[in-house]
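Working notes, structure below.
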Amino acid sequence: MSRVGYMHTDCLIPMTGNNPYATSNENAEELHTPAEVYTAAELKLAVLQIRAPIIQSKSKKFRQLLVSWIKSSGFSRAVVLSSSQAYQRDDQQMKGIPLRYLVTPSLLKDSEDALKELSWREMERVSAYPGLTDANTEPRLYVPGGEDIPLAVLILFCSEGDNIPDAFTLVNHLNDWLHLLDDPSQKPNKWKIPTSWNLLFGSGIPPALF
């Protein structure tokens, strides 16, 4: 995908770094920011990648910024790829695959049949106070939904550590729905792996230490 822009906001922790998708020395030194937009014109696909944590006190402002951008851009649908801590699952969420989805009513109108055909599991509603039973308290979603825009959220329960296999699991799950690639499971893997993933645990022990 081609980088076409970025989102400038004070809602994300400010940071910058080298090109995480470098393919040669020529483009390795390009500077990249916490929120950038990539496109694949042939697929009519735009991707906003967020690389930095959201400042907690500005989460509402950032959410409003994203909703405004989605509406003004006229996207036919938006999909959020996210994760949730595996250790926080309750008993019902321990069953089956560790993938769940949320969908707004406006997107459900157009995608209900496709989602049923995929046999995906919707995110369960759980007790507001785990371990306590209160007849007056309705179950709620741990991961909030979106406004009335065509929006879906795909969620993967995962643990700390090497989450590269989780990334493939989530994007393959998305591909089952949107068919971005014909058969990504073929060898060699059709998804392009960023070279920066080789440095997941750092760049090795500096020889100067010895």
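Because only heavy atoms are used, hydrogens play no part in the values below, and waters and symmetry mates are left out as well, while side chains stay in.
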Considering all heavy atoms, the nearest [X]-[Y] contact:
X    : Y    : answer
D10  : K58  : OD2-NZ, 3.1 Å
I70  : A78  : CD1-CB, 4.0 Å
I155 : L102 : CD1-CD1, 4.1 Å
A86  : S159 : CB-OG, 3.7 Å
P150 : S106 : N-OG, 3.2 Å

Within the distance-only criterion (no hydrogens, no angle test), does the side chain of [X] pair as donor or acceptor with the backbone N or O of [Y] below 3.5 angstrom?
X    : Y    : result
N19  : N27  : yes
E36  : T33  : yes
N175 : L181 : yes
T9   : C11  : yes

Hey, could you give me the [atom1]/[atom2] distance between [X] and [Y], rounded to the nearest 0.5 Å?
X    : Y    : atom1 : atom2 : answer
L154 : S83  : CG    : OG    : 12.0 Å
N18  : H32  : CG    : NE2   : 8.5 Å
N163 : F168 : CG    : CZ    : 12.5 Å
L170 : S82  : CG    : OG    : 8.5 Å
Q64  : S59  : CD    : OG    : 9.5 Å
D176 : L118 : CG    : CG    : 6.5 Å

[X] and [Y]: same hydrophobic cluster, using ILVMFWY side-chain contacts below 4.5 Å?
X   : Y   : answer
I13 : I54 : no
F62 : M15 : no
L48 : I55 : no
Y6  : V4  : no
W69 : I50 : yes

Taking C-beta and beyond as the side chain, do [X] and [Y] meet within less than 4.5 Å on heavy atoms?
X    : Y    : result
L156 : T169 : yes
T104 : L107 : yes
E122 : L115 : no
L81  : L174 : yes

| said: Set out, in order, the CA-CA distance, both residues' side-chain angles and the distance that settles side chain to side chain contact (heavy atoms under 4.5 Å, CB included) for R3 and Y21, then state yes or no. | reply: CA-CA 10 Å; R3 182 176 62 160; Y21 307 118; over 6 Å; no
| Lys/Arg-Asp/Glu bridge criterion (N-O < 4.0 Å) met for D110, R77 |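 Between R77 and D110 there is no salt bridge, as every charged N stays at least 4.0 Å from the carboxylate O atoms.
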| said: Run the side chain to side chain contact (heavy atoms under 4.5 Å, CB included) test on L66 and M7 for me, step by step, so that the C-alpha distance in whole Å, both residues' side-chain angles and the decisive distance to 0.1 Å come before the verdict. | reply: CA-CA 10 Å; L66 289 180; M7 185 172 287; 4.0 Å; yes
| Derivation of the side chain to side chain contact (heavy atoms under 4.5 Å, CB included) call for F157 and L99 | CA-CA 6 Å; F157 294 119; L99 291 148; over 6 Å; no
| query | Using the ring of each side chain (for Trp, its six-membered ring), is W120 parallel, tilted or perpendicular to H173, with breaks at 30° and 60°? | reply |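 Rings of W120 and H173: parallel, under 30°.
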| task | Using distance alone, with no hydrogens and no angle criterion, decide if N172 and W191 have a side-chain donor and acceptor under 3.5 Å apart. | result |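 There is such a pair (donor and acceptor under 3.5 Å, judged by atom type) between the side chains of N172 and W191.
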| So Y101 and R121, side chain to side chain contact (heavy atoms under 4.5 Å, CB included) or not? Walk me through it. | CA-CA 6 Å; Y101 78 92; R121 294 186 62 175; 5.7 Å; no
